[in-house]
Amino acid sequence: MRKYTKIILSIFIFLISIFFFFQENYFLGSILSLFSIIPIFFIFRNEFLLLAFLKIRKKDMKGFKKYLGYIKNPKLQLTKNQIAYYYFLNGILYSEKNIIQSENYMQKALDFGLKFKQNIAIAKLNLAIASLSKGDKKKAEHLLLEAKKTDISGLLQDQIQIIKIQIKKMNIKDRQNPFIRNKY
């Protein structure tokens, strides 16, 4: 549901509650006035994003993809911060299947502005993985350093160490093997 539709629905419910107040049905008027707050709440907290976060917490990727699929036009349905998290969740969804598409979504999420430092660190870690898969070691190292700085709680330490090992393995691949003799 679009955010403007939610505003209109909230106003409509509130006007009906005022009508019941004039009819001296105070109980129904107060209940409807409380119900008019619910669509306003869902303007700032999109119901499909909330359900997607719930599904990702339960590790139900099919349900996660289903609820993200309900958001057809994020610019009309979501606020700016919600758009950032929409792209962030899509980046997580495509991180296993298509790293290039995941990189695009994560970059859009960072451009729109993620709020929490932990989510910024996850996005930068995914961007580092994408840069590493393209062969851009310097960009991957830079993004990995930024991810390490923003990971204040230390939850991503293991993943950062794994990526550092992958970067070191990439450096070893570029060197010539010292055990092979030149025939010249």
Kindly say whether [Y] contributes a backbone atom to a donor-acceptor pair with the side chain of [X] at under 3.5 angstrom?
| X | Y | answer |
| --- | --- | --- |
| Gln82 | Thr79 | yes |
| Ser10 | Pro39 | no |
| Ser133 | Ala130 | yes |
| Gln166 | Leu132 | no |
| Ser17 | Leu32 | no |
| Asp151 | Leu156 | yes |
| Tyr85 | Lys115 | yes |

Considering only NZ, NE, NH1 and NH2 on the basic side and carboxylate oxygens on the acidic side, decide whether Lys164 and Glu141 come within less than 4.0 Å. no
Dump the intermediate steps for side chain to side chain contact (heavy atoms under 4.5 Å, CB included) on Phe12 and Leu15, then the final yes or no. CA-CA 5 Å; Phe12 181 71; Leu15 290 175; 5.7 Å; no
So which of Ile129, Ile167, Leu127 actually passes side chain to side chain contact (heavy atoms under 4.5 Å, CB included) with Leu144? Ile167
Salt bridge (charged side-chain N to carboxylate O under 4.0 Å, His left out) for Glu47 and Lys6? Distances and angles first, verdict last. CA-CA 12 Å; Glu47 61 272 11; Lys6 292 175 187 176; 3.2 Å; yes
[X] side, atom [atom1]; [Y] side, atom [atom2] - distance, nearest 0.5 Å:
| X | Y | atom1 | atom2 | answer |
| --- | --- | --- | --- | --- |
| Asn98 | Leu93 | CG | CG | 11.0 Å |
| Asn81 | Leu114 | CG | CG | 9.0 Å |
| Asp158 | Ile163 | CG | CD1 | 11.5 Å |
| Lys66 | Lys62 | NZ | NZ | 12.0 Å |
| Ile13 | Phe35 | CD1 | CZ | 8.5 Å |
| Ile92 | Asn126 | CD1 | CG | 7.0 Å |

Are the side chains of [X] and [Y] in touch, meaning some heavy atoms are under 4.5 Å apart?
| X | Y | value |
| --- | --- | --- |
| Glu146 | Thr150 | no |
| Ser131 | Leu143 | yes |
| Phe53 | Leu89 | yes |

Identify the two heavy atoms, one from [X] and one from [Y], that lie closest to each other, and give their separation to 0.1 Å.
| X | Y | value |
| --- | --- | --- |
| Ala84 | Gly113 | CB-O, 3.7 Å |
| Lys72 | Gly69 | NZ-O, 3.1 Å |
| Tyr86 | Pro74 | CE2-CG, 3.5 Å |

Check whether more than 12 heavy atoms from other residues, nucleotides or ligands sit under 6.0 Å from atom CZ of Phe21, and answer yes or no. yes
After noting the C-alpha distance and the side-chain angles of Lys134 and Ile100, does the key distance pass the side chain to side chain contact (heavy atoms under 4.5 Å, CB included) rule? CA-CA 9 Å; Lys134 288 180 180 178; Ile100 304 301; 3.6 Å; yes
What about the rings of Phe112 and Tyr87, do their centers lie closer together than 6.0 Å? yes
Could you tell me how the ring of Phe48 sits relative to the ring of Tyr70: parallel (under 30°), tilted (30 to 60°) or perpendicular (over 60°)? tilted
